Amino acid sequence: MQPPCAHEDTGLQLQALLEGQNYGAAAGEGTRCPAVPAPRNSPAVRDCLVVAVLCFGNLINFMDWFIVPGILLDIQKYFGLSDGKTGLLQTVFTLCYMLAAPIFGYLGDRYNRKIILGAGILFWSGVTLGSSFITESYYRIFVLSRGLVGIGTASYSTIAPTIIADLFEEGKRTTVLSIFYIFIPVGRIQRRTARHRALSISGTRRGADETPGVPRTAKTTWCQDVGSLAKNCSFVWSSLGLTAMAFVTGALGMWVPLFLYRAQLVQGIVPPCLQESCNSSNSLIFGGITVGTGIVGVIAGAEAARRLRKMYKKADPLICATSMFTSSLCLYTALMLAQTSILSTFIFIAFGELFLSVNWAVVTDILLYVVTPRRQSTAIALQILLSHLLGDAGSPYLIGAISNALQARGAPSFQSSFRSIQSSFAICAFVGAFGGAFFLLTSLYIEGDRREAERP
């Protein structure tokens, strides 16, 4: 006599295999059958493929994000721009990005995330392609195109981390996030070399219906979600810390190559840029520093958090605070040494970026375990809005505007242009120190907020 399992529908077997479930459990009440092993191309392989696609998208995302700073000297000469107008390009991009983020966060909590993600990628790719054909007479259209790219980019940055959060449990989440965020510095190095190219929720497991592209239905209104997040002290203070990080990162990415070029002019290392294409090696060197320190920093931060949080529950915000204080000190030292030693400046910039990179995966992980699952996309969107509104939306323009104001005080010279941007850049070191203080405040509330988020 054949066992009951032999007469079951083949479609049921296939469904059980695809869902990675024990087929015997689905066979019917009172019937136990041998477990059917999941095929190699089932959940684990699929999850890895999804992460690989998301990482590649993150690479392209940040290549588009940082393409302008990578060819900043050429853009200034092509359009005939001052420091202030040059900084406006990145500011417009970031403003549009941060204003669009809450909209995509709201949609991501309620509708098909796969469709939102795909539409955003197609939109920003098309606009980026079109902007490469803009001539020097249409600077305003170029500014508009940067804003439209920011809108498309917001869809990706808001939705992608939530898909990762659904795929992995807490033990693997930080590692996967670190891999995902490694592609931020890799994207920055790619845009520098292309000179002519103008998270499982804390302690929970994914259910059968929580697959990429399937919305996690929110049972509250957007205003209720925002009100609840405003009362979450860990979320608020860590978001302010991330804002300080964004301020410093935005200013560094926009102005460091030009700052180094002006320092070299003062020292007589390079001649003035009088030709049509200003081919400076600073962008490439700084890009190499960024990708190297970014990879090492993200991995080191994730590993330090994974090890230390086993011994101390407040480890994550304290790691972030320590790295921010150290980064600020290194960046300030680099600024002071720029007029006398370019090599020392590169070394201290490298250390400054290294300690900044330590925080990327850790800050995201903090959000994922202090915010309940149903508010995750909204929380990420609000964090994007806050960090860019007060961070890198204004820092490139602010640095450029202050530099212009300082230059206007005296006669034009290589020395005055260097001193002006050096003085305006010093703001970043102090903002970074404030970021460290915000993460210290996060450590005071993180244990209570985490317990609150883990409640059913």
Side-chain angles (χ1 to χ4, degrees), residues 66-92 136 139 142-143 192 195 247-287 289-290 328 330-350 352-353 392 394-432:
F66 290 104
I67 187 67
V68 167
I71 52 174
L72 193 61
L73 284 171
D74 290 332
I75 288 177
Q76 272 195 315
K77 193 168 184 63
Y78 185 74
F79 288 107
L81 305 177
S82 65
D83 287 352
K85 286 188 176 181
T86 304
L88 186 63
L89 288 171
Q90 199 72 351
T91 295
V92 169
E136 64 269 22
Y139 166 72
F142 186 63
V143 173
R192 293 179 188 279
R195 297 187 58 83
F247 185 99
V248 176
T249 303
L252 289 176
M254 189 71 177
W255 291 110
V256 161
L258 187 61
F259 168 73
L260 293 170
Y261 170 73
R262 291 182 180 178
Q264 291 169 333
L265 279 178
V266 171
Q267 295 183 38
I269 298 175
V270 297
C273 177
L274 302 177
Q275 57 188 9
E276 186 169 340
S277 180
C278 303
N279 291 316
S280 170
S281 63
N282 292 324
S283 289
L284 182 59
I285 296 173
F286 179 60
I289 290 173
T290 299
S328 297
C330 291
L331 292 176
Y332 185 79
T333 304
L335 293 176
M336 296 301 104
L337 293 175
Q339 190 171 0
T340 57
S341 175
I342 293 296
L343 178 60
S344 298
T345 301
F346 272 120
I347 291 173
F348 279 98
I349 286 176
E353 288 214 306
D392 57 346
S395 64
Y397 179 75
L398 180 63
I399 299 300
I402 293 175
S403 177
N404 281 347
L406 294 175
Q407 286 185 62
R409 292 183 177 181
S413 67
F414 294 149
Q415 183 71 29
S416 66
S417 65
F418 167 73
R419 289 292 185 188
S420 63
I421 198 169
Q422 181 190 45
S423 299
S424 60
F425 236 144
I427 297 174
C428 293
F430 295 100
V431 172

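Numbering starts at 1 and runs along the sequence shown. Given the structure is predicted, the values throughout are model-derived calculations rather than measurements.
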- Going from CD on E353 to CZ on F348, what distance comes out if it is rounded to the nearest 0.5 angstrom? 15.0 Å

- Task: For F259 and F418, work out which heavy atoms get closest and say how close.
- Result: CE1-CE1, 3.6 Å

- Message: As an exercise, state the distance from CZ of F247 to CD1 of I427, rounded to the nearest 0.5 Å.
- Response: 6.0 Å

- Task: Looking only at non-hydrogen atoms, find the nearest pair between G432 and V248 and report the distance.
- Result: N-CG2, 4.0 Å

- Query: CH2 of W255 to OG of S403: how many Å apart, nearest 0.5 Å?
  - Reply: 6.5 Å

- Going through the distances and angles, do I347 and L337 end up as a side chain to side chain contact (heavy atoms under 4.5 Å, CB included)? CA-CA 10 Å; I347 291 173; L337 293 175; over 6 Å; no

- Message: In the structure I gave you, are the side-chain heavy atoms of L398 and I402 within less than 4.5 Å of one another anywhere?
- Response: yes

- To the nearest 0.5 Å, tell me how far L252 CG sits from T290 OG1. 8.5 Å

- Message: Is there a side chain to side chain contact (heavy atoms under 4.5 Å, CB included) between R262 and L258? Walk through the geometry before answering.
- Response: CA-CA 6 Å; R262 291 182 180 178; L258 187 61; 3.8 Å; yes

- Output yes when a side-chain donor or acceptor of Q415 lies under 3.5 Å from a complementary backbone atom of V266, and no otherwise. no

- Message: Restricting to side-chain contact (heavy atoms from CB on, under 4.5 Å), what partner residues turn up for A251, sequence neighbours left out?
- Response: S395, I399, F425, C428

- Whether Q267 side chain and A338 backbone form a donor-acceptor pair below 3.5 Å: yes

- d(S420 OG, N404 CG) to nearest 0.5 Å is 8.0 Å

- Would you say the side-chain atoms of Q407 pair up with the backbone N or O of S416, donor to acceptor, closer than 3.5 Å? no

- Item | Contacts of type side-chain contact (heavy atoms from CB on, under 4.5 Å), residue I285, not counting sequence neighbours | S281, I289, F346

- Can you list the steps and then say if R419 with L406 is a side chain to side chain contact (heavy atoms under 4.5 Å, CB included)? CA-CA 8 Å; R419 289 292 185 188; L406 294 175; over 6 Å; no

- Which residues satisfy the side-chain contact (heavy atoms from CB on, under 4.5 Å) test with A429, sequence neighbours excluded? Y332

